[in-house]
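Reading through the structure tokens given below for one structure.
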Amino acid sequence: MKNIFDPQVTTELIGRINQLKPETPALWGKMTVDQMLAHCSVAYEMAFTNKHPKPNPLMRFLLKTFVKNGVVNEVPYKRNIRTAPQFVISDRKDFELEQKRLITYLEHTLALGKDHFEGKESLSFGPLTAQEWNNMFYKHLDHHLSQFGV
């Protein structure tokens, strides 16, 4: 798994994001490219903002027990897997705005660095290691950039 806290990896990801165009088609799935960019930003919104509510204790237990490992491990996501309701983007978005927003989140993550994420609490999964944060961020973004051929 590539290290999202490595400046070269962040530069590579930003380069891939910048290859996208408003008309870039998906190779699979239902999202448009602008929706995908907004979808990818949700993971960062959950880490950096109060936009999304914390799941109730029962839901959090279920997420930690049945979902966490699949999200934070190094096994790539399969195509067309279901997503959590908070990640569903059903309306069209402004491509340029979403592209810039996602890049800003990547740069912010890099600037904070690995140490900031060690033990940082995830809304859904509780405290995670920096490696788990890395895996979650990188594998999700790589999955969707690959979905759009970059």
**Request:** Under the side chain to side chain contact (heavy atoms under 4.5 Å, CB included) rule, what do Ile103 and Asn18 come out as? Steps first, then yes or no, please.
**Result:** CA-CA 9 Å; Ile103 289 170; Asn18 283 328; 3.4 Å; yes

Can you tell if the side chain of [X] reaches within under 4.5 Å of the side chain of [Y], non-hydrogen atoms only?
X: Ile4; Y: Leu106; value: yes
X: Val9; Y: Thr11; value: no
X: Lys114; Y: Asn134; value: no
X: Phe48; Y: Thr109; value: yes
X: Gln86; Y: Glu45; value: no
X: Lys21; Y: Val33; value: no
X: Glu132; Y: Lys68; value: yes
X: Tyr44; Y: His140; value: no

Test item: [X] side-chain N/O and [Y] main-chain N/O as donor-acceptor pair under 3.5 Å:
X: Ser124; Y: Lys64; answer: no
X: Glu118; Y: Ala130; answer: yes
X: Lys54; Y: Arg60; answer: no
X: Asp142; Y: Tyr138; answer: no
X: Lys139; Y: Tyr77; answer: no
X: Arg16; Y: Val150; answer: yes
X: Gln99; Y: Ile17; answer: yes

Rounded distance [0.5 Å steps], [atom1] in [X] versus [atom2] in [Y]:
X: His108; Y: Leu112; atom1: NE2; atom2: CG; answer: 4.0 Å
X: Asn135; Y: Asn73; atom1: CG; atom2: CG; answer: 7.5 Å
X: Met36; Y: Leu145; atom1: CE; atom2: CG; answer: 5.5 Å

Nearest atoms (heavy-atom pairs only) where [X] meets [Y]:
X: Cys40; Y: His144; result: SG-CB, 3.7 Å
X: Met31; Y: Ala26; result: O-CB, 3.8 Å
X: His52; Y: Leu123; result: O-CD1, 3.3 Å
X: Ser41; Y: Arg101; result: CB-NH2, 3.5 Å
X: Pro55; Y: Leu63; result: CG-CD1, 3.9 Å

Is it true that [X] and [Y] fall in one hydrophobic cluster, defined by side-chain heavy atoms closer than 4.5 Å?
X: Leu27; Y: Leu141; value: no
X: Leu97; Y: Leu37; value: no
X: Val71; Y: Met46; value: no
X: Leu102; Y: Val42; value: no
X: Trp28; Y: Phe87; value: no

Within a 6.0 Å radius of atom [atom1] on [X], are there more than 12 heavy atoms belonging to other residues, nucleotides or ligands?
X: Asp91; atom1: CG; value: yes
X: Met1; atom1: CE; value: yes
X: Asn56; atom1: CG; value: yes

**CA sep, side-chain torsions, deciding dist, call: Thr83, Val88, side chain to side chain contact (heavy atoms under 4.5 Å, CB included)** = CA-CA 7 Å; Thr83 191; Val88 173; 3.7 Å; yes

**Message:** Any salt bridge linking Glu98 with Lys93? Criterion: basic side-chain nitrogen under 4.0 Å from a carboxylate oxygen.
**Reply:**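 No.
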
**Asked** In a check of ring-ring contact (aromatic ring centres under 6.0 Å, His included) between Trp133 and each of Phe5, Phe125, Phe117, which one passes?
**Response**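 Of Phe5, Phe125, Phe117, ring-ring contact (aromatic ring centres under 6.0 Å, His included) with Trp133 is met by Phe117 alone.
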
**Message:** side chain to side chain contact (heavy atoms under 4.5 Å, CB included) for Gln8 and Lys2? Distances and angles first, verdict last.
**Reply:** CA-CA 10 Å; Gln8 289 181 320; Lys2 291 190 178 182; over 6 Å; no

**Message:** Evaluate Phe95 against Leu20 for side chain to side chain contact (heavy atoms under 4.5 Å, CB included), listing each step before the verdict.
**Reply:** CA-CA 9 Å; Phe95 173 84; Leu20 296 167; 4.0 Å; yes

